[in-house]
Structures are given as C-alpha cells and as structure tokens.
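Input: a single structure, listed below in structure tokens.
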Amino acid sequence: MLIKRYADNPILTRDDVPYPVATVHNAGVVKFNNRYIMIFRSHKLNGRSILGKAESIDGVNFVVDKKPFMVPAKAGIFKEYEEYGLEDPRVIFLDGEYLITYSAYSRNGVRIGLAKTKDFKSIKRVSLITEADYRNVVIFPEKFNGLYARLDRPHSDISPWSIWISYSPDLKYWGESKLIMKPCQYHWDEMKIGPGAPPIKTTHGWLNIYHGVFPTMDGCIYRLGVALHDLRDPSVIIAMGDEWILQPEEQYEITGYVHNVVFCCGAVPEKDGSVKIYWGGADSVMCVGTAKIEQLVDHCLNKSRQPL
Ligand code: BMA
C-alpha cells in the first residue's frame with residue numbers, strides 16, 4: 001500500500017464543528033507557525049457550501065474555529081459569483097503570504113476565486129481568476145521565470161475535464177494556457193481528471209496528486225493518482241502513474257453524502273521524506289494518510305502512461 005491510512009480516520013466530522021453543517025470535507029492544509037491549518041468545505045443545511053478552519057499541532061488532531069472562515073461575499077463582484085457557495089479550497093505559501101483558491105458557485109456557473117492571507121485571520125479576496133466551468137485550481141508554491149503558475153481544470157464537450165496549465169505575472173491576469181494531461185479511455189480516470197493537492201517539490205520533479213473519475217452503473221468513483229512535472233518547466237509531464245494510489249475502500253469513503261469518493265485538496269510534505277495526504281471521504285468527513293514521497297515518485301516513473 002502506497003498510502004497508509006491513519007487508524008483513527010476520519011479525523012474531522014460535522015460533530016467537531018461548533019455551527020450547524022452537514023459535512024466536513026475536501027480541505028486544503030498547510031503549515032503555519034509550526035501548526036497545521038486546515039481550510040475545509042462544509043455543506044450547510046441548505047445544501048450550499050462554506051469554508052471552515054481548523055488547527056492542529058500534529059496534523060491529525062484538529063480543533064475547529066467557533067465561526068466559519070469564509071462565507072459568500074456580501075458585496076461587489078464576489079457577491080455576484082459566490083451566491084451559491086464556496087467549495088474545495090487549496091492553500092499554498094508563496095512570497096510571505098498564503099494564497100487560497102476556491103470554487104465560487106453562482107447562477108452563472110462555477111469559477112475560481114483567489115484570496116490571500118498572512119495570518120489566517122484577515123482575508124483579502126484578490127480576484128476571480130477564471131470564467132465559468134472551471135474547478136480545481138492549484139497554484140504552484142514557486143514562480144517560474146517570474147510568473148505564477150497554476151494547474152486548472154476547464155470543461156468543454158470537445159475536451160472534457162482535463163488538466164491545463166496557465167501563468168500569471170500578478171495573480172490577476174492569466175494566460176499562456178496549455179493542455180497537459182487528459183483522461184485515458186477505459187481507465188480508472190477515463191471520465192475526468194482534475195488537480196488535487198498543490199504540487200510538491202521533489203528532486204525528481206513536481207509531484208502532482210490529482211483525482212480521476214470512472215463512471216459506473218452505480219455512479220462515479222473518485223480515486224487519486226500521481227504525476228511528475230518537470231522542475232523548471234511544469235508544463236512538461238515527466239511521468240504519469242498508470243495506476244491509482246488511493247480508492248474508496250473504508251466505510252467512511254464508500255458511504256456518505258456522495259458515495260465512493262476520495263477527493264484530495266491538500267498534502268503536507270514532512271522533513272523525514274513522508275507526506276501527509278488529506279482527503280474528503282464520501283463528501284462527508286476528512287481523512288488523512290501518510291506516504292513516502294520517494295515511493296510516490298517511483299510509482300510515476302516505474303509504470304507511466306501517456307499524459308495526452
Ligand atoms: C466533484 C466536486 C467535488 C466532490 C466530487 C464528488 O464534482 O463537486 O467537490 O467531492 O464531485 O462528489
């Protein structure tokens with residue numbers, strides 16, 4: 001097994017949240033002042049989502065803030081596009097600040113919002129960085145030739161749910177977009193793929209933990225896979241692991257708000273060469289597992305498939 005599930009999963013459920021929510025899932029996690037900060041998604045009891053925050057010393061035992069971290073904006077352009085809620089946050093640290101990307105839902109579709117914080121207390125919304133029909137945007141925690149880089153997941157009928165890369169000088173204007181990874185027919189990720197955790201720098205390349213979806217007569221199955229991007233040019237895929245690294249197997253992944261889902265928005269690399277991978281189980285609870293970064297890299301390199 002590449003990923004060792006924590007024995008006491010799930011690590012966070014709605015019972016741990018001091019305000020009424022139906023779920024706790026799909027969380028971004030980063031280190032801040034020697035603590036783990038988790039920004040998680042919750043369905044409210046009307047079915048729309050908000051973001052909560054939890055803190056931990058060991059990355060496993062989390063305490064949730066008394067109040068939600070981010071709710072739909074009450075004014076301006078963000079109000080218009082966050083009307084139906086905020087989903088699936090990813091968090092990275094770059095140039096002294098934390099960048100949070102999240103899906104913003106409204107009657108106009110789903111697009112990606114970007115917010116900044118230095119202390120996880122005051123949050124500044126920066127920009128809506130995509131138009132509609134984008135989800136799962138992760139920003140690399142380093143710049144390339146002075147540009148921010150992100151993996152994103154637009155959707156169109158001709159090129160369904162694939163992973164693209166885009167660049168920006170200022171986090172606001174994005175371009176130089178390029179398709180870099182596609183779903184593979186009759187394969188565990190044949191229906192959709194999308195970026196999961198923000199990429200992790202390794203000596204062999206940027207490790208990208210992504211999700212893949214397979215449609216069955218009983219609905220979709222969400223699993224996780226890994227790919228390696230070139231360190232200097234992340235639009236180049238060095239390898240893409242042919243087999244998944246995690247699939248729904250435990251009861252808390254098989255049944256819940258949406259069954260058969262493991263969905264990752266965050267992973268924290270540790271000094272000992274391991275990585276804590278966080279995933280939402282069945283869109284209901286938060287789970288964690290550990291893996292050796294080297295083994296995930298080998299998984300990409302040893303049995304790779306064509307990314308396009
Ligand atoms: C996707 C998103 C995720 C969710 C997944 C499984 O389309 O909505 O937030 O975890 O479906 O329901």
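Atoms within each ligand, like the ligands themselves, are counted from 1 in listed order. Here the structure is a predicted model, which means the values were calculated and not measured.
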Query raised in the report: Is the closest side-chain donor-acceptor distance between W188 and Q247 under 3.5 Å?
Result: no
Query - Pair I193-I163, side chain to side chain contact (heavy atoms under 4.5 Å, CB included): steps then yes or no - result: CA-CA 7 Å; I193 57 172; I163 297 180; 3.9 Å; yes
Query raised in the report: Which of parallel (below 30°), tilted (30 to 60°) and perpendicular (above 60°) describes Y148 and W174?
Result: tilted
Report summary line: Contact set, ligand 1, heavy-atom distance under 4.0 Å, ordered by chain/number, equals N26, R41, D88, R135, K192, Y222, V258, V261, F263, D283
Query raised in the report: Which of parallel (below 30°), tilted (30 to 60°) and perpendicular (above 60°) describes F93 and Y98?
Result: tilted
Report task. Kindly assign one of parallel, tilted or perpendicular to the pair W206 and F140, based on the angle between their ring planes and the thresholds 30° and 60°. Result -> perpendicular
Report task. Can you label the angle between the F62 ring and the Y278 ring as parallel, tilted or perpendicular, going by 30° and 60°? Result -> perpendicular
